[in-house]
Amino acid sequence: MSWSRVELGKVCSKIGSGATPKGGKSVYIDFGVHQIRSQNIHNLQFDYGGLACITNDAANKLSSVTVEPRDVLLNITGDSVARVCQVPENVLPARVNQHVAIVRPENNQIRPEFLVYYLASPLMQSCMLQLANGKGASRNALTKEMIAAFEVPCPPLEIQDAIVDVLSVYDNLIENNRRQIKLLEEAAQRLYREWFVFNSEVNSWPTKSLLSVTDIVRGRSYTSANLVDNGSLHLVNLNNIRAYGGWTDGADKPYNGDFKPDQIIHSGDILMAVTDMTKERRLVGHVAITPSSVDGALISMDLIKLVPKKISNLYLYATLRFSGLSHYAAMLANGTNVLHLKPEALVSVDIPIPSDELQNKFAGIAEAILTKVETLRSQINMAQEARNRLLPKLMSGEIEA
């Protein structure tokens with residue numbers, strides 16, 4: 001099936017990026033107009049982690065980059081360049097910063113939902129990444145002119161709608177499972193706080209340094225030459241750590257090269273980020289627990305593995321994740337352009353040590369919650385794989401919706 005193609009700039013009422021308000025982080029507030037940043041944009045997924053808010057005054061100065069319902073958001077700089085999703089309506093009102101472009105197609109020619117699926121297709125992802133890397137600049141970047149010149153298919157609107165209907169079945173399942181995972185993680189946090197924060201006995205528990213109750217395994221340094229498509233291992237890296245803690249699927253990369261056996265991770269291992277490219281410390285010091293989907297992978301130099309000694313693994317993870325200790329650890333990092341956390345600095349992170357009985361009882365309940373999360377995450381991965389197999393075939397007209 002052959003469809004007409006059109007330059008994207010000719011069917012869009014807006015293609016453009018935003019800006020960071022003057023004052024940077026100092027203008028961020030707890031509630032206000034949302035400021036969407038590149039960390040929020042993942043392929044076909046909006047990540048609410050670290051979603052910032054700005055004052056009405058700051059938002060008014062960025063009125064030219066007001067995000068509207070159904071807008072397509074495209075990352076245009078940095079390591080996350082080419083990631084694309086639609087804005088959820090519950091994020092509005094919102095603005096975007098300079099690393100994110102608003103792409104607003106004219107709905108009577110290109111459905112925004114159809115466009116976001118096309119830009120997320122393997123063909124367009126490869127094309128955008130090549131363009132972003134093609135100028136020899138030190139930083140990956142897509143320009144407004146590049147985006148406007150994209151040639152996109154323009155099938156009849158009823159075909160666009162039919163394709164979106166097929167693919168959205170998978171995305172609705174994925175989104176529903178993500179909501180359930182969020183609820184389960186919130187349940188684990190409430191359980192932890194009830195048992196270990198509001199417990200009347202907490203002040204009587206001894207404390208020990210994090211370094212005294214764990215062994216630290218540093219990750220593997222690597223070069224781009226190690227990241228090859230036919231790599232025998234997968235490399236788990238900084239992008240697998242969600243902002244302010246938790247796991248992000250799909251960021252690991254094929255790896256081929258040397259490593260030490262203890263740099264291999266397994267399901268249930270605790271990982272901590274020790275570098276951060278931002279000044280907000282949303283990654284450094286924060287932790288995730290290794291899912292079964294990357295069992296046997298290798299950790300990069302931006303991560304450390306915490307191996308517990310005489311302390312429950314899940315109690316340790318929950319304490320770092322939910323007690324505020326990760327935020328404290330983040331403040332121990334330093335650096336001019338990139339923040340680094342030296343593992344030795346973790347000697348000042350003190351862990352309360354309740355009885356073994358209480359730790360193990362908590363671990364039993366927490367493990368049941370994590371098992372449910374693992375099941376939901378597996379269903380998400382299967383739905384994504386099925387959708388990704390269909391996506392290029394539908395977009396090329398190889399099969400009909």
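What you are looking at is a predicted structure, and each value in this text was computed from that prediction instead of being measured. Position 1 is the first residue of the sequence; numbering continues from there.
When all heavy atoms of Ser38 and Ser80 are compared, the pair lying nearest together is CB-OG, 3.7 Å. Taking each heavy atom of Ile216 and Pro343 in turn, the nearest pair found is CG2-CB, 4.0 Å. The minimum heavy-atom distance between Ala132 and Val81, with the atom names listed, is CB-CG2, 3.9 Å. The minimum heavy-atom distance between Leu303 and Ala273, with the atom names listed, is CD2-CA, 3.9 Å. The minimum heavy-atom distance between Asn43 and Val84, with the atom names listed, is OD1-N, 2.9 Å. When all heavy atoms of Phe31 and Cys53 are compared, the closest pair comes out as C-CB, 4.0 Å.
For the atom pair NE2 (His234) and CG (Asp295), the distance works out to 13.0 Å, reported to the nearest 0.5 Å. Atom CG in Leu73 sits 12.0 Å away from atom OG in Ser17 (nearest 0.5 Å). One finds the CG atom of Asn177 at 6.5 Å from the CD1 atom of Ile181 (value rounded to the nearest 0.5 Å). A distance of 9.5 Å separates CG of Leu167 from CZ of Phe114, quoted to the nearest 0.5 Å. Separating the CD1 atom in Ile289 from the OG atom in Ser267 is a distance of 7.5 Å, to the nearest 0.5 Å. We find the CG-NE2 distance between Asn75 and His42 to be 8.5 Å, quoted to the nearest 0.5 Å.
Residues satisfying the ring pair (Phe, Tyr, Trp, His ring centres under 6.0 Å) test with His340, not counting sequence neighbours, are none. Listed by chain and number, the residues in a ring pair (Phe, Tyr, Trp, His ring centres under 6.0 Å) with Phe46 are Tyr48 (sequence neighbours excluded). For Phe362, the ring pair (Phe, Tyr, Trp, His ring centres under 6.0 Å) test picks out Phe196, with sequence neighbours left out.
No side-chain heavy atom of Val274 sits under 4.5 Å from any side-chain heavy atom of Met301. Annotation: side chain of Tyr117 is in contact with side chain of Ser168 (closest heavy-atom distance under 4.5 Å). Using a 4.5 Å cut-off on side-chain heavy atoms (C-beta onward), Val72 and Gln86 make contact. At a threshold of 4.5 Å between non-hydrogen side-chain atoms, the residues Leu123 and Pro392 do not count as touching. Within the 4.5 Å cutoff, the side chain of Leu74 has no heavy atoms near those of the Val100 side chain. Residues Asp258 and Arg220 meet the side-chain proximity criterion, which asks for heavy atoms closer than 4.5 Å. Put simply, the side chain of Ile174 reaches to within 4.5 Å of the side chain of Gln384, judged on heavy atoms. For the pair Pro69/Val87, no side-chain contact is recorded, criterion being any heavy-atom separation below 4.5 Å from C-beta on.
A donor-acceptor distance shorter than 3.5 angstrom exists from the side chain of Thr375 to the backbone of Thr371, with no hydrogens or angles considered. One N or O on the side chain of Thr214 and one on the backbone of Leu210 form a donor-acceptor pair closer than 3.5 Å. Counting only distance, with no hydrogens or angles, the side chain of Asn237 and the backbone of Leu235 share a donor-acceptor pair below 3.5 Å. Listed for the Ser326 side chain is a donor-acceptor partner under 3.5 Å among the backbone atoms of Gly285. In terms of modelled atom types and a separation under 3.5 Å, the side chain of Asn256 and the main chain of Asn226 share no donor-acceptor contact. Using modelled atom types, one side-chain atom of Gln263 and one backbone atom of Lys260 make a donor-acceptor pair closer than 3.5 Å. Within the 3.5 Å criterion, the main-chain N or O of Val347 finds a donor-acceptor partner in the side chain of Ser209. Put simply, the side chain of Asn381 never gets that close to the backbone of Ser378: no donor and acceptor are under 3.5 Å apart. Although no hydrogens or angles enter the test, the distance criterion places no donor-acceptor pair under 3.5 Å between the side chain of His266 and the main chain of Ser292. At distances below 3.5 Å, not a single donor-acceptor pair connects side-chain atoms of Asn133 with backbone N or O atoms of Asn140.
Screening residues 93-116 for salt bridge (Lys or Arg N to Asp or Glu O under 4.0 Å), with sequence neighbours left out, gives Glu68-Arg104, Arg70-Glu113, Asp71-Arg104, Arg111-Asp161. Within the structure, every pair that satisfies the salt bridge (Lys or Arg N to Asp or Glu O under 4.0 Å) test and touches residues 327-346, not counting sequence neighbours, is listed here: Arg218-Glu344. Counting only residues at least two apart or on different chains, the side chain to side chain donor-acceptor pair (under 3.5 Å) pairs with a member in residues 346-369 are Tyr328-Ser348.
Arg282 has no carboxylate O lying under 4.0 Å from a charged side-chain N of Asp276, or vice versa, which leaves the two without a salt bridge. Salt bridge Arg190/Glu194: absent, no basic N to carboxylate O contact under 4.0 Å. A salt bridge links Glu374 to Arg377: one of the charged nitrogens lies within less than 4.0 Å of a carboxylate oxygen. A salt bridge does not link Glu151 to Lys10: none of the charged side-chain nitrogens sits closer than 4.0 Å to a carboxylate oxygen.
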- Query: Given the rule in the side-chain contact (heavy atoms from CB on, under 4.5 Å) test, do Leu92 and His34 qualify, once you have shown the distances and angles that lead to the verdict?
  - Reply: CA-CA 7 Å; Leu92 304 179; His34 286 121; over 6 Å; no
query: Taking it one step at a time, do Met272 and Leu346 satisfy side-chain contact (heavy atoms from CB on, under 4.5 Å)?
result: CA-CA 11 Å; Met272 176 182 282; Leu346 298 175; 4.0 Å; yes
How far apart are the C-alpha atoms of Leu339 and Thr275, what are their side-chain angles, what is the distance that settles it, and do they pass the side-chain contact (heavy atoms from CB on, under 4.5 Å) test? CA-CA 5 Å; Leu339 294 171; Thr275 64; over 6 Å; no
Q.
Would Leu233 and Ile264 count as a side-chain contact (heavy atoms from CB on, under 4.5 Å) here? Give the steps.
A. CA-CA 9 Å; Leu233 287 174; Ile264 298 295; 4.0 Å; yes
Practice problem: Mind running side chain to side chain donor-acceptor pair (under 3.5 Å) on Gln45 and Arg178 for me, showing each step along the way? | Solution: CA-CA 10 Å; Gln45 176 195 357; Arg178 284 183 178 137; 3.0 Å; yes
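Residue-environment remark: CD (Glu158) exceeds the threshold of 12 foreign heavy atoms within 6.0 Å. Atom CG of Asn108 has more than 12 heavy atoms from other residues, nucleotides or ligands within 6.0 Å.
Under the 3.5 Å distance criterion, with hydrogens and angles disregarded, no donor-acceptor pair is assigned to the side chains of Asn240 and Thr248. No side-chain N or O of Ser300 forms a donor-acceptor pair with one of Tyr222 less than 3.5 Å apart. In this model, no donor atom of one side chain and acceptor atom of the other lie less than 3.5 Å apart for Asn203 and Trp205.
With Asp215 as the fixed residue, the salt bridge (charged side-chain N to carboxylate O under 4.0 Å, His left out) test singles out one of Lys310, Lys305, Lys309: Lys309.
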